[in-house]
Structures are given as structure tokens and as C-alpha cells.
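Contents: one structure, followed by commentary.
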2 protein chains.
Amino acid sequence: MPEVPPPAPEGDALLKILTALGNPHRMRIVAALVENRTYVSALAREIGISRPLLHMHLQRLEAAGLVTGTLEAADDGKTVKYYDVTPFVCELTPHTVARAASTLTDVEAGTADRGTGRSDRGAKEEAK
Amino acid sequence: MPEVPPPAPEGDALLKILTALGNPHRMRIVAALVENRTYVSALAREIGISRPLLHMHLQRLEAAGLVTGTLEAADDGKTVKYYDVTPFVCELTPHTVARAASTLTDVEAGTADRGTGRSDRGAKEEAK
DNA sequence: GAGATGTGTCAGAAATCTTTGACAGGTGCC
DNA sequence: GGCACCTGTCAAAGATTTCTGACACATCTC
């Protein structure tokens, strides 16, 4: 397949991190994993949320590269999925954000608008 | 009014910042304001979104303490609202997040659950 | 006064995110 | 086999966020 793998621009990565961390449950999940690594079911009991829900949150965190899950075999042969936190570091300042914003995909604007009639119209046009 | 003003815990503040920054439009708004301060209407034209929408986004950013708006009088007496970016700095690491998570309000859990019957039940109970 | 530009707010549609409650496997132990 | 754990996935309900299209009100210029 001659398909180029997505260049994964800086901006989108930061956006993913921010939306991943911008949720109380997800913050608590990270906090719990910093204390000590565990597997899904135990973690669900610890924070008090259902497993399907935790599963979703973990997926979001993993997609952002903040945690990593590994399927391990416990002593007795049971299959257990342990999660660890990635030692991420992310400086958040106006400059950082601005820099990231410039490499955001989904732009779709670009064309200089003819600012004729004003009124409250939104400036969107193509897109859809 | 003998009401104690909310202590505004660290955790909630960070959460607010993250959810505020975790949005492409809001990131672009910050980026635009870093370049040069402007007023609402001009900014709306610059990024290509409707004014009511921009107004909402700016409110969110201001509530998180990332930007500040000041109502100024232009030379001709027109009232214009200019926005500036706050020089915020925020280190984002597992440790930081964990620390913030411990001071999150909205907890409502706390009681150790008796893990008798298992099945897929969510661990929520009181609340609502 | 009409027209252009600025401010703000509101109700409701549209799109997303969050959450629950099943279901369908696996393995180990009595 | 039956029970207790573990894993995953799905559809649909609920709650939020995002967005649009009016509306109301100011000031300045012609």
C-alpha cells in the first residue's frame, strides 16, 4: 500500500493529551497508576467505576500516549492486563500552545474572506 | 452572607485549564492573541467563527485564567473589548497530574465497597 | 433616520462525550 | 459442571459541549 503514514503533527498530539487529561476520572486513573501499577478490574474497583467505562478511559489515555497496557500472564496462568504510566513531560505556556496550534489539522479555512455584509453570520462556508 | 467562598482547590483549577485548552478553536484563539491583542469582532473574523461562538470560547478561556478581557474605549468613543493572554506556565507530568487529582472535588465515593457479588455492576450507589 | 460597527444574550439544533447493562469468551479451583 | 475471577465488545440511554440564527442595545458617520 503506497499510503503515507500520517505525519502526526505536533499540534494534534498535544490536543489529544489535553483532551485525555481534561477529565476528572482520567486524572484519577493516572494518579492511581502513579502510585502502583494494576490491572483493569482491580483499578475499576479502586476508583469506583464500571469496567467498560474504565476500559474506554484507558483507551483514550493510551491513544494519547500517556499510559501503556500490557497483557501479562499471572502466576496461575490467568491473563491480566497491567497498565503503567508513561513518563511524559509537557510544558504548557502561551508560546507552547501557539506553536502547537499552528500545526493543527482540520483547518479548512485559509481563503481570505470578503468581509462585505456584516450582520451575525458565521464565517464558515465550504466545509460542511 | 455567611457563605464561605470556595477554596478553589488546585485540582479543579488544572482541570479547568486542560478542558479549556483541549479544543482546536481555543488553541487557535490563544495563538492569535499571542501574536497581537485584538477585540472580539476582529478576532472572530480572523479565525473564521461566529461572534457568539467566539464569545463562548473566550469565556471558557477567561474562566480558566488563561486570558483576560478588558472593555476599552476606542479613540472615537466606541466601546471595544480587547483580550490578552495571561503568561501562564503549567508543567504537565505524571506527578503533577497525580498531585492535582488528589485535590479534586466531586468525589462522592470514599466508602469501601463490599465486593460481594461481582458481575458487571458499576460501583456507583448514592449520588443523584 | 439609515447604515456600519461595536457589545452582549438566549433558545434550540447538532455533534460529542460519558455511562450503563448486557453479552461472549477465557482460566483455575472444588 | 459450577463458581469466581479475568478479558473484551456492543447498543442505547444520558449528559455536555459546540454551534447557529435571532434579538436587543450602544456609538459614530453620512
(message) Which residues in residues 55-68 of chain A have a heavy atom closer than 4.0 Å to any atom of DNA chain C?
(response)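 Those residues whose heavy atoms fall under 4.0 Å from DNA chain C, taken from residues 55-68 of chain A in numerical order, are A/Met56, A/His57, A/Arg60.
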Is [X] close enough to [N] that one of its side-chain N or O atoms is under 4.0 Å from OP1 or OP2 there?
X: A/Ser41; N: D/dC5; value: no
X: B/Thr79; N: C/dT7; value: no
X: A/His25; N: C/dT19; value: yes

(message) Do B/Leu58 and B/Tyr83 have side chains that approach each other closer than 4.5 Å (heavy atoms only, starting at C-beta)?
(response)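 Of all side-chain heavy-atom pairs linking B/Tyr83 with B/Leu58, at least one is under 4.5 Å.
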(request) Check whether any side-chain heavy atom of B/Leu92 lies under 4.5 Å from a side-chain heavy atom of A/Glu91, and answer yes or no. (result)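 A side-chain contact under 4.5 Å is absent here.
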For atom [atom1] of [X] and atom [atom2] of [N], their distance in whole Å:
X: B/Arg51; N: D/dA26; atom1: CZ; atom2: P; result: 17 Å
X: A/Leu54; N: D/dT9; atom1: CG; atom2: P; result: 13 Å
X: A/Ile49; N: C/dT20; atom1: CD1; atom2: P; result: 8 Å
X: A/Tyr39; N: D/dC6; atom1: OH; atom2: P; result: 5 Å
X: A/Arg45; N: D/dA4; atom1: CZ; atom2: P; result: 14 Å
X: B/Lys81; N: C/dT9; atom1: NZ; atom2: P; result: 8 Å
X: A/Arg26; N: C/dC17; atom1: CZ; atom2: P; result: 9 Å
X: B/Leu43; N: C/dT5; atom1: CG; atom2: C1'; result: 16 Å

(request) Could I get the full list of side chain to side chain contact (heavy atoms under 4.5 Å, CB included) partners for B/Ser102, not counting sequence neighbours? (result)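 Result, side chain to side chain contact (heavy atoms under 4.5 Å, CB included) vs B/Ser102: none returned.
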(request) Tell me, please, which residues at least two apart from B/Asp76 pass side chain to side chain contact (heavy atoms under 4.5 Å, CB included). (result)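 With neighbours one apart ignored, the set is B/Ala74, B/Lys78.
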(message) Given D/dC6, C/dT7, C/dA22, identify the nucleotide with an atom nearest to the side chain of A/Pro52.
(response)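 Nearest nucleotide to the side chain: C/dA22.
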(message) For A/Tyr39, give me all partners under ring pair (Phe, Tyr, Trp, His ring centres under 6.0 Å), at least two apart in sequence or on another chain.
(response)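 Here the qualifying residues are A/Tyr82.
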(request) Mind checking ring pair (Phe, Tyr, Trp, His ring centres under 6.0 Å) for B/His57 and listing every partner two or more places apart, or none if nothing turns up? (result)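 Scan of B/His57 (ring pair (Phe, Tyr, Trp, His ring centres under 6.0 Å), adjacent residues dropped) gives B/His25.
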(request) Identify, between A/Asn23 and B/Leu71, the residue whose nearest nucleotide on DNA chain C lies closer to the 5' end. (result)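 The residue mapped nearer the 5' terminus is B/Leu71.
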(message) Once you apply a heavy-atom cut-off of 4.0 Å, does B/Lys78 come out as touching a base, just sugar-phosphate, or nothing?
(response)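 Base, at least one base atom sits under 4.0 Å.
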Side-chain donor-acceptor contacts of residues 65-73 of chain A below 3.5 Å, not counting sequence neighbours, with atom names and distances?
residue : atom : partner : partner atom : Å
A/Thr70 : OG1  : A/Glu72 : OE2          : 3.3
A/Glu72 : OE2  : A/Arg37 : NH2          : 2.9

